[in-house]
Amino acid sequence: MRHWPRWLRGTLLVVGFILLGNALNFVMPRWFGPGASPMDSQPALFLWAWERPEDLRFLRPADAGIAVLLAHLFIEDAAPPRLERRKQPLLLTPKTPLMAVVRIESRNLDGNPFQADQAAAQLMRVFGDSKLVAVQLDFDATSSERAFYSMILSRLRNQLPKRVPVTMTALASWCQGDRWLGGLPVDEAIPMMFRMGPDKAEIRRVLAQGEGFAEPLCRTTLGLSTDEPLTLPPHWEGRIYLFSPKPWTKQAYDAALQELR
Amino acid sequence: MTLTRAILAGAAGALIVLSCGPFFADAVFTYESFPQFPDGEYVSGKLGIVAPGYWRKYLVVAWRTLDGKPLTAVERRAFERAKGEPAPPEPRDPWSGVGVEREVPGGQYQSFLNCPDDAFRRAREKLAEITKQYGASSAAVKSWRAAQDTVFSNCAEGEHIPAPPEAGLPAPVARERRYQIAAANFYAMKYEVAEREFRALGEPYLAVRCLIRRGTIGPQDNAVLRRAETELRKLGGQPLLGFLASRLRPAEYRAELAGRLNDPKQEEIFARSLTDYTWLLDRENATFTGDEMTEWIAAVQSGEGDAAARWRQSRKPAWLVAALMHAKPGGAANAELLEAARGVPSGSPAYATTRFHRVRLLLADKDTATARQELDAALALSGLPLSAQNAFRKQRLTVARDYGDWIAFAPRTPLASTWEMESAAEPIEKPVPLFDGDAAAAANRGLPLSVLRRAAADPKLPANLRAQLANAVRTREILFSGGGYDEIYTLLKTPAQRPYVIAGIDRRPETPSEIDEYRANWWCAWDEHDLIATQPWLTAAGRAEANKELAALRAMPSAPTWLARRAVQLVAAAPKDARNAELLHLAVRSTRYGCTDDSTTAASKAAFQTLHRLYPNSDWAKKTKYYF
């Protein structure tokens with residue numbers, strides 16, 4: 001190789017670095033999970049506060065964060081998306097980490113880029129609050145709606161400050177066989193491990209064996225509900241989102257913590 | 001390069017607030033939350049089997065009916081109106097860009113509807129009136145419009161007040177400006193200012209609206225609301241008085257409403273009374289004492305209290321219903337409750353509910369003969385709602401005597417289909433009988449192939465159910481025999497084929513060869529939590545046959561694993577078959593789109609490697625880039 005022309009050696013070196021970079025880019029997330037995320041500094045536990053009166057003042061800021069449903073976004077046909085804000089009070093201790101959640105409901109949505117612009121604009125009316133530690137979208141997008149969802153996420157990511165993480169809920173299938181999340185501009189996707197159908201046995205088996213979800217975005221979080229067994233994979237160190245079918249109480253929270261331990 | 005494994009996906013939704021999807025159409029055979037609909041028959045007094053989970057407005061109807069006071073015609077119409085389906089938002093042109101919700105001060109992340117639809121409607125009407133009077137390009141209209149834009153700019157935030165009327169405006173428009181200024185203060189949440197302005201305009205009702213907003217947006221201010229109430233009473237007959245009573249004296253008002261709902265002379269206000277009554281019971285701190293109907297509703301819904309004692313005291317059918325609903329097997333009061341239920345005549349609105357629970361308790365006591373007899377009598381009645389028929393048929397199937405009983409009671413006609421919550425169910429226009437969960441479990445995990453074959457050809461079963469059984473039989477035959485080349489090839493091209501029947505609606509695509517995008521393709525391995533559903537009416541030989549077959553099925557892997565292994569074996573046995581490359585491609589495809597298990601990847605890899613080793617230049621090999 002020493003006898004090769006300089007230009008050839010240089011070219012090969014550059015090509016080699018490019019190939020190595022691509023290989024690492026492919027391999028690293030699969031071997032080591034996604035890299036550093038703005039969510040890394042957020043609490044290991046978030047409680048979902050849904051559309052009902054919630055008094056979470058029993059939580060200290062260091063205990064957990066709150067992911068509060070602040071609005072619904074309705075997208076129907078080609079109509080401009082319609083935002084309906086939360087109507088129920090949420091009481092919390094000052095300085096509790098707060099993540100804003102917006103649930104998207106769709107019906108025959110058109111899904112064109114202009115509608116995505118409008119949807120993102122509506123979302124920013126909720127997500128633009130500088131006090132939020134992160135934002136979250138909850139949307140059970142069908143296959144035909146995924147491209148539209150991607151458009152919304154891209155627009156949102158561009159409009160939000162870099163320091164604000166964007167997260168999303170995910171069907172368990174999106175994290176395993178039906179993968180499409182790769183490349184989305186989100187910091188984490190939370191697999192919803194409750195109200196699963198007949199396939200739950202298989203998905204739980206995969207996690208119980210410590211295999212982790214195939215989709216890297218799904219590997220660091222789990223979404224659980226207090227009315228189903230709060231089973232964690234072995235040696236779990238990721239973040240947990242907890243849902244309660246009834247308004248949260250300190251008793252319910254303490255019981256959930258006990259079960260998680 | 002290691003490839004991603006495809007694992008069975010899908011998180012089927014359920015009846016939950018969080019609404020996780022995806023959702024699939026499901027058949028509804030009985031309702032837990034409300035009677036079958038259209039609910040006209042129920043509201044007219046044909047109650048069927050009342051369930052404890054019924055929404056409270058339906059329990060009000062049940063109470064009235066059981067108490068001998070069925071709803072009058074006026075009340076039935078009012079009940080329809082009180083269903084309260086939210087109307088779609090009205091267009092707000094020319095203010096369609098205005099946000100209508102405003103944040104409640106106080107940092108509780110709560111908003112309220114500040115500018116409702118009727119505000120925009122009235123403004124549109126006023127604009128039309130002024131335009132007609134003065135012309136669209138007149139200074140009057142332009143001035144009015146600019147002021148109204150300012151009014152509505154307060155809907156979402158801010159304090160923007162229109163300027164006083166400019167000189168030269170027609171007097172009506174100038175006067176109208178005063179209303180606009182008061183309205184702007186109202187929407188800007190300056191309620192005390194708005195109140196003064198409305199009073200100065202001689203509009204006491206609007207002034208009271210300011211008091212109500214002031215007393216309810218944010219922490220409730222009872223002193224302000226009591227002032228509003230006093231003033232409204234002087235104005236006379238306002239619906240808002242109920243609104244105020246529900247906030248100031250919820251328990252007393254609730255009892256007052258219960259009284260109105262049980263007084264047919266108050267039928268004209270039935271709709272409003274029902275809405276307010278159920279709203280009050282839905283509040284978190286609602287009390288359920290103080291009147292008999294509310295106490296009955298609480299007993300029905302929660303099982304708390306001593307409904308049996310109330311029945312003994314009153315001998316009312318309603319209390320017998322409540323007592324039976326929550327009676328547990330072996331309960332101390334059961335003997336007298338069962339005897340009382342036996343005496344309920346078939347024409348009574350309490351019949352279906354009391355009969356259902358009487359049978360439930362008889363079955364728990366293993367008195368199958370009496371249960372069977374009473375179920376046959378109930379099912380022979382005409383006019384029983386379909387949901388009640390389905391519930392009785394389900395009970396009857398548990399005491400099937402023989403094959404004939406199973407065939408007779410396994411099929412059930414669904415009431416509706418739903419994609420998510422029960423409340424979103426839609427009636428099926430031409431329903432065909434289907435298997436419910438219990439019948440499907442019996443077919444899939446309790447009957448031997450010989451019985452399934454017989455049922456698949458039995459004209460007493462509807463054609464669709466025979467077809468499902470035939471599919472299951474054919475697939476099981478292939479599984480037990482190992483399947484020849486043609487069978488495996490066809491099976492791989494028919495993702496809809498499976499060795500079991502479906503409970504409810506088959507959500508698979510109509511074309512059997514089409515891959516389902518939510519992975520309902522072929523079949524999964526037996527779930528360890530699914531127990532064998534032994535059918536007591538089988539002969540000993542039949543049970544032995546069933547157990548042997550089911551044990552074999554339980555030991556089998558999921559379809560893709562089994563199919564991929566068979567494909568590799570068949571290719572080895574028939575190396576010259578022109579379909580081999582395609583067969584192997586289909587086998588690998590099945591491991592991507594079908595249910596998997598621990599062995600699927602190995603089987604997928606074997607099929608993949610065989611394909612690429614033996615047929616590397618084939619189109620099928622080129623299409624098969626990965627194994628899963």
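Every chain is numbered from 1, with letters handed out A, B, ... down the list of sequences.
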If contact means a heavy atom pair closer than 4.5 Å, which residues of residues 66-82 of chain A contact chain B?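 Expected list: A/Leu70, A/Arg82.
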
Under 4.5 Å heavy-atom distance to chain B, tell me which part of A/Glu54 shows up: side chain, backbone, both or neither.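 Answer is neither: A/Glu54 stays 4.5 Å or more from chain B.
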
With only heavy atoms counted, which part of A/Leu91 is less than 4.5 Å from chain B, the side chain, the backbone, both or neither?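 The answer is the side chain of A/Leu91.
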
Nearest-0.5 Å distance that lies between atom OG in B/Ser111 and atom CZ in A/Arg86: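 Those atoms lie 10.0 Å apart.
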
CG-OH distance between A/Leu92 and B/Tyr109, expressed to the nearest 0.5 angstrom: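 Between A/Leu92 CG and B/Tyr109 OH, I get 5.0 Å after rounding to 0.5 Å.
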
Kindly check if the number of other-residue, nucleotide or ligand heavy atoms within 6.0 Å of CD (B/Glu90) is above 12?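 Enclosed.
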
Taking C-beta and beyond as the side chain, do B/Glu101 and A/Glu84 meet within less than 4.5 Å on heavy atoms?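 They are in side-chain contact.
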
Sidechain N-carboxylate O distance under 4.0 Å for A/Arg85, B/Glu103: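 So A/Arg85 does not pair with B/Glu103 through a salt bridge.
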
In terms of heavy-atom contacts, does NZ of A/Lys87 have more than 12 from other residues, nucleotides or ligands at under 6.0 Å?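 Yes, enclosed.
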
Under a 4.5 Å cut-off applied to non-hydrogen side-chain atoms, are B/Gln108 and A/Gln88 in contact?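 Sidechains of A/Gln88 and B/Gln108: no contact.
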
